[in-house]
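Here is the structure we will look at, set down as structure tokens.
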Number of protein chains: 2
Amino acid sequence: MDAIGFERHDHSSCIRAGLDTVERACTDRGLQLTPVRRRVLELLLEGHRAMGAYEILDILRDEGMGSQPPVAYRALDFLVSHGFAHKVERLNAFVACMHPDQNHTPAFLICRACDAVAEAHADPARGFLGQAVRDTGFVVEQAVVEAVGLCPSCAAEAHA
Amino acid sequence: MDAIGFERHDHSSCIRAGLDTVERACTDRGLQLTPVRRRVLELLLEGHRAMGAYEILDILRDEGMGSQPPVAYRALDFLVSHGFAHKVERLNAFVACMHPDQNHTPAFLICRACDAVAEAHADPARGFLGQAVRDTGFVVEQAVVEAVGLCPSCAAEAHA
DNA sequence: CTGCATATGTTATATTATTACATGGAGAAG
DNA sequence: CTTCTCCATGTAATAATATAACATATGCAG
């Protein structure tokens, strides 16, 4: 388990790495990473935060890449459905996935003060859902954890 | 940990029990369980599933209890903010809480075939978020787990 | 009675998301 | 080379979800 999002890091290299990983995954799986899809992913990686569909659409429009909601939603659906991005339901917003090449149950840490979002991941096999779920007979296909609280820097300020 | 939602049970008694519990909690905490709030809770308990705000509003309107969105949203906000109901973000819908008197991290099991929702709960103390989260220094105030899959009866059908 | 806090009623609007249908391009089948 | 089909895109219209802002009650404390 690891978490990326709050600690400092070389941002431009993480954007490149993210794009590279997804490009490779698309080639491997025969998926088309079209210009719009690629640009949307890049925006999410650059933003390094949860972005709304309309926020993305505004940028696409400015860049002449389409101006109607479905353009953004379709690109986002593509990214989400192939695991290259996630939707943070709590915020109705989207984030690039930080480990697009592994199967995982994302856990989002959402700062209620600054809206930063970090992605950790929980291992379903380690039973974070517990015995009770298995007892119900429910077949879990996909799960997300969304936690709201304070990121380290906002928590520090709150103490001040 | 337990889960309520898929197994058969005495429905009318669970509605009564839910209302009773919340009534007591309101008395204890000096909260007003007004007619609208009470009726909305009752609808959620009766429905025993995730219901949309506008679905609830339609019923309230038919019953002459207010016809504009804020009426429903305010009642739902009251219930959610005091832990008597939860919002299932994935569905933009609300469910009555099955254990309104305990602090808990709800885990929703959402059937993608029939939309039934069961509420289990995960124990944050048992570390379902894992060490990584503690390592980030993020202060979790509240968390939910939303799992999508197949409920027992839909899973049985799928096998058939 | 006055003032305050809380809840409700109502209008309008903001935000998020989808439906439906037309257009275009790339590769396979003929 | 053409036609067909699949997939992606463009666009208009609208649906579904949610909130802002302001007016009106109602209960209770001073």
Side-chain angles (χ1 to χ4, degrees), chain A residues 22-23 26-27 29-41 43-44 49-82 84-95 110 112 115 117 146, chain B residues 22-23 26-27 29-41 43-44 49-82 84-95 110 112 115 117 146:
Chain A
V22 171
E23 260 162 22
C26 286
T27 305
R29 302 193 223 160
L31 301 173
Q32 301 181 49
L33 189 63
T34 62
V36 179
R37 290 170 179 178
R38 195 190 145 92
R39 182 63 183 135
V40 170
L41 173 62
L43 289 171
L44 292 176
R49 65 194 168 82
M51 298 177 77
Y54 280 76
E55 185 182 353
I56 287 168
L57 180 58
D58 286 344
I59 298 173
L60 294 180
R61 180 163 27 227
D62 288 349
E63 298 178 351
M65 298 187 85
S67 59
Q68 301 303 317
V71 172
Y73 281 103
R74 283 195 288 232
L76 289 165
D77 284 350
F78 170 84
L79 296 172
V80 168
S81 68
H82 293 97
F84 306 141
H86 296 291
K87 180 172 186 184
V88 183
E89 298 286 352
R90 179 94 187 196
L91 304 174
N92 294 315
F94 300 82
V95 287
I110 304 163
R112 65 170 162 79
D115 268 4
V117 176
E146 296 190 0
Chain B
V22 171
E23 259 161 22
C26 285
T27 306
R29 303 192 221 160
L31 301 172
Q32 300 181 47
L33 189 62
T34 62
V36 179
R37 291 169 177 178
R38 194 191 145 90
R39 183 60 185 135
V40 170
L41 174 63
L43 289 170
L44 291 176
R49 64 193 170 84
M51 297 177 77
Y54 280 76
E55 184 181 356
I56 287 167
L57 180 59
D58 286 344
I59 298 172
L60 293 180
R61 182 166 21 230
D62 288 349
E63 296 178 353
M65 299 188 83
S67 59
Q68 301 304 318
V71 172
Y73 281 103
R74 283 196 286 234
L76 289 165
D77 285 349
F78 170 84
L79 296 172
V80 169
S81 66
H82 293 98
F84 305 141
H86 296 292
K87 179 170 185 186
V88 182
E89 298 286 351
R90 179 93 188 197
L91 303 175
N92 294 316
F94 301 82
V95 285
I110 305 163
R112 66 171 162 78
D115 268 1
V117 176
E146 296 190 0

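Letters A, B, ... mirror the listed sequences (proteins, then strands); counts begin at 1.
Scored by the ring pair (Phe, Tyr, Trp, His ring centres under 6.0 Å) test, B:Phe78 finds B:His82 as partners (sequence neighbours excluded). For the side chain to side chain donor-acceptor pair (under 3.5 Å) test, residues two or more places apart in sequence or in another chain that qualify with B:Arg49 are B:Glu55. The side-chain contact (heavy atoms from CB on, under 4.5 Å) test applied to A:Ile59 returns A:Leu43, A:Met51, A:Glu63, not counting sequence neighbours. Looking at residues two or more places apart in sequence or on another chain, you find no salt bridge (charged side-chain N to carboxylate O under 4.0 Å, His left out) involving A:Asp77.
Spacing between atom CZ of A:Arg39 and atom P of D:dT9 amounts to 15 Å, rounded to whole angstrom units. Atom CG in A:Leu76 sits about 11 Å away from atom P in C:dT18, given to the nearest Å. Whole-Å rounding puts the B:Arg29 CZ to C:dT6 P distance at 17 Å. C:dT16 atom C1' lies 16 Å from atom CZ of B:Arg90, rounded to whole Å. The nearest whole Å value for the distance from the CZ atom in B:Arg37 to the C1' atom in C:dA7 is 6 Å. The CG-P distance, from B:Leu31 to C:dA5, rounds to 18 Å in whole Å. Protein atom CG of B:Leu60 is 15 Å distant from nucleotide atom C1' of C:dT10, rounded to whole Å.
Interatomic distance, CD1 of A:Ile56 versus CG of A:Leu41, reported as 10.0 Å (0.5 Å rounding). One distance of note links CZ of B:Arg112 with CZ of B:Arg90; it measures 11.0 Å at 0.5 Å rounding.
Listed for the A:Arg37 side chain is a donor-acceptor partner under 3.5 Å among the backbone atoms of A:Gln32.
Nearest heavy-atom pair across A:Leu44 and A:Phe94 is CD2-O, 3.4 Å. The shortest non-hydrogen separation linking A:Ala72 to A:Leu57 is CB-CB, 4.0 Å.
Between A:Thr34 and D:dT9 there is a side-chain N or O to OP1 or OP2 distance below 4.0 Å.
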Could you list, one pair per line, each protein nitrogen or oxygen that sits under 3.5 Å from a nitrogen or oxygen of nucleotides 24-28 of chain C, together with the distance?
none

Margin query: Within the 4.0 Å limit for protein heavy atoms, which parts of nucleotides 12-30 of chain D are touched? Write it as a string from 5' to 3', B for base, S for sugar-phosphate only, - for none.
Written below: B----BBBB----------
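Taking the nucleotide of DNA chain D with the nearest heavy atom to each of A:Gln32 and A:Met65, the more 5' of the two is matched to A:Gln32.
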